[in-house]
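Within every chain, numbering begins at 1; the chains are lettered A, B, ... in the order of the sequence lines, protein sequences first and strands thereafter.
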Protein chains: 2
Amino acid sequence: MAHNREQLSASLEDYLEAIFHLSAQGQVARSKDIADRLHVARPSVTGALRSLASRRLIHYKPYGFVTLTRTGNRQAQRVVEKHRILKSFFTEVLGIKATEAQEAACRAEHALGPEIVDRLMGLTEFLAGGDKRDWVGQFRAYCRDSRI
Amino acid sequence: MAHNREQLSASLEDYLEAIFHLSAQGQVARSKDIADRLHVARPSVTGALRSLASRRLIHYKPYGFVTLTRTGNRQAQRVVEKHRILKSFFTEVLGIKATEAQEAACRAEHALGPEIVDRLMGLTEFLAGGDKRDWVGQFRAYCRDSRI
DNA sequence: TAATATAGTTAGGAATACCTAATAATCCAA
DNA sequence: TTGGATTATTAGGTATTCCTAACTATATTA
């Protein structure tokens, strides 16, 4: 199989992320719940699960439940973290509303490497980090003035 | 054909962008130059050109040269503009080096809508816009201190 | 526990976006 | 003007990622 070191497609990262959240907020990730969460049909999930299993990112047996392997968990956490950082940059710094921020984070998380994401996290802390100078407030005013 | 109102795939946006740049910086966009620029094989270009033509974004006849239609030009400009804004945010605000910024902009430009891109442009102007307060300088120092 | 509802999988197919190899058109220079 | 180099296309194939319809396994409940 040998796709060990290859990086995941955006689609497979989404599946991994969904499995992570479902396992966290309850018990086991069921195929139907993954399908609902990602708005795909159930057979698409079956295919994705097989692909993730062949990469040793999940434990999967047909009709059995799905759990993340150690590697899978590590990779999922990276994706989830990226998502979180992007979303809070969009909402807290740029002032984008939650739903749009959520969706954009979901699309952008696959496009940005760790270097940029780390800096974005830094910028969010720097600008929105409870500082007395209220930079974000000034940026909002600037946006209002220039009609952005 | 009727894909008029549908939004373009990331791939087709890349082709449109390449055609725009080649047309601008010289004369006509040739198939081979598009292939070289996007690092794809020539037959892939033929397919993409047919697809763009069916959407009325380019003028294309086999063995003829390629030019953007009015609509195509408008769409290409939007993509190019997004790219430009993202890249300058990455370099000027986040301090990412040019090549990485270039590549990341190329990947992210398809994921972010106009609202977020406009705000990013605003933020870049706000923070790096020749202001006496040198926010970017302070952010760099903050990054250094927190090892980002 | 047997009938039924739900969940999961197979089977088969479509769209996108690539590829290589082979062929056809076009261009250029002797 | 014609033959060789270059460029573009066709033909045929692969991988991904999605779909619907049909079937099978599992779970629930009467």
Between [X] and [N], is there a side-chain N or O to OP1/OP2 distance below 4.0 Å?
{"X": "B/Y15", "N": "C/dC18", "value": "yes"}
{"X": "A/S11", "N": "D/dC18", "value": "yes"}
{"X": "B/T46", "N": "D/dT10", "value": "no"}

What's the spacing between [X] [atom1] and [Y] [atom2] if we round to 0.5 Å?
{"X": "A/I116", "Y": "B/F90", "atom1": "CD1", "atom2": "CZ", "result": "4.0 Å"}
{"X": "B/L112", "Y": "A/E100", "atom1": "CG", "atom2": "CD", "result": "9.0 Å"}
{"X": "B/D118", "Y": "B/E81", "atom1": "CG", "atom2": "CD", "result": "8.5 Å"}

Nearest to the [X] side chain among [options], which nucleotide is it?
{"X": "A/Y63", "options": "D/dT24, C/dA24, D/dT17", "answer": "D/dT24"}
{"X": "B/K32", "options": "D/dC18, D/dA8, C/dG8", "answer": "D/dA8"}
{"X": "A/P43", "options": "C/dG8, C/dT9, D/dT7", "answer": "C/dT9"}
{"X": "A/S31", "options": "D/dT7, C/dC18, C/dG8", "answer": "C/dG8"}
{"X": "A/Y60", "options": "C/dT9, C/dT16, D/dT17", "answer": "C/dT9"}
{"X": "B/S9", "options": "C/dC19, C/dT16, D/dC19", "answer": "C/dT16"}

Separation of [X] atom [atom1] from [N] atom [atom2], in whole Å?
{"X": "B/L8", "N": "C/dA15", "atom1": "CG", "atom2": "P", "value": "18 Å"}
{"X": "A/D33", "N": "C/dG8", "atom1": "CG", "atom2": "C1'", "value": "13 Å"}
{"X": "A/K61", "N": "C/dT9", "atom1": "NZ", "atom2": "C1'", "value": "17 Å"}
{"X": "A/F65", "N": "C/dT9", "atom1": "CZ", "atom2": "P", "value": "13 Å"}
{"X": "B/R50", "N": "C/dA15", "atom1": "CZ", "atom2": "C1'", "value": "15 Å"}
{"X": "A/H110", "N": "D/dT16", "atom1": "NE2", "atom2": "C1'", "value": "15 Å"}
{"X": "B/D14", "N": "C/dT16", "atom1": "CG", "atom2": "P", "value": "16 Å"}
{"X": "B/E13", "N": "C/dT16", "atom1": "CD", "atom2": "P", "value": "15 Å"}

When you measure from the side chain of B/K82 to the backbone N and O of B/E109, does any donor-acceptor pair fall under 3.5 Å?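 Confirmed, B/K82 side chain pairs with B/E109 backbone.
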Taking for each residue the nucleotide of DNA chain D with the nearest heavy atom, is it A/P62 or A/R42 whose nucleotide lies nearer the 5' end?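 Going by which nucleotide is closer to the 5' end, it is A/R42.
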Ion pair B/D36/B/K32, N-O distance below 4.0 Å: yes
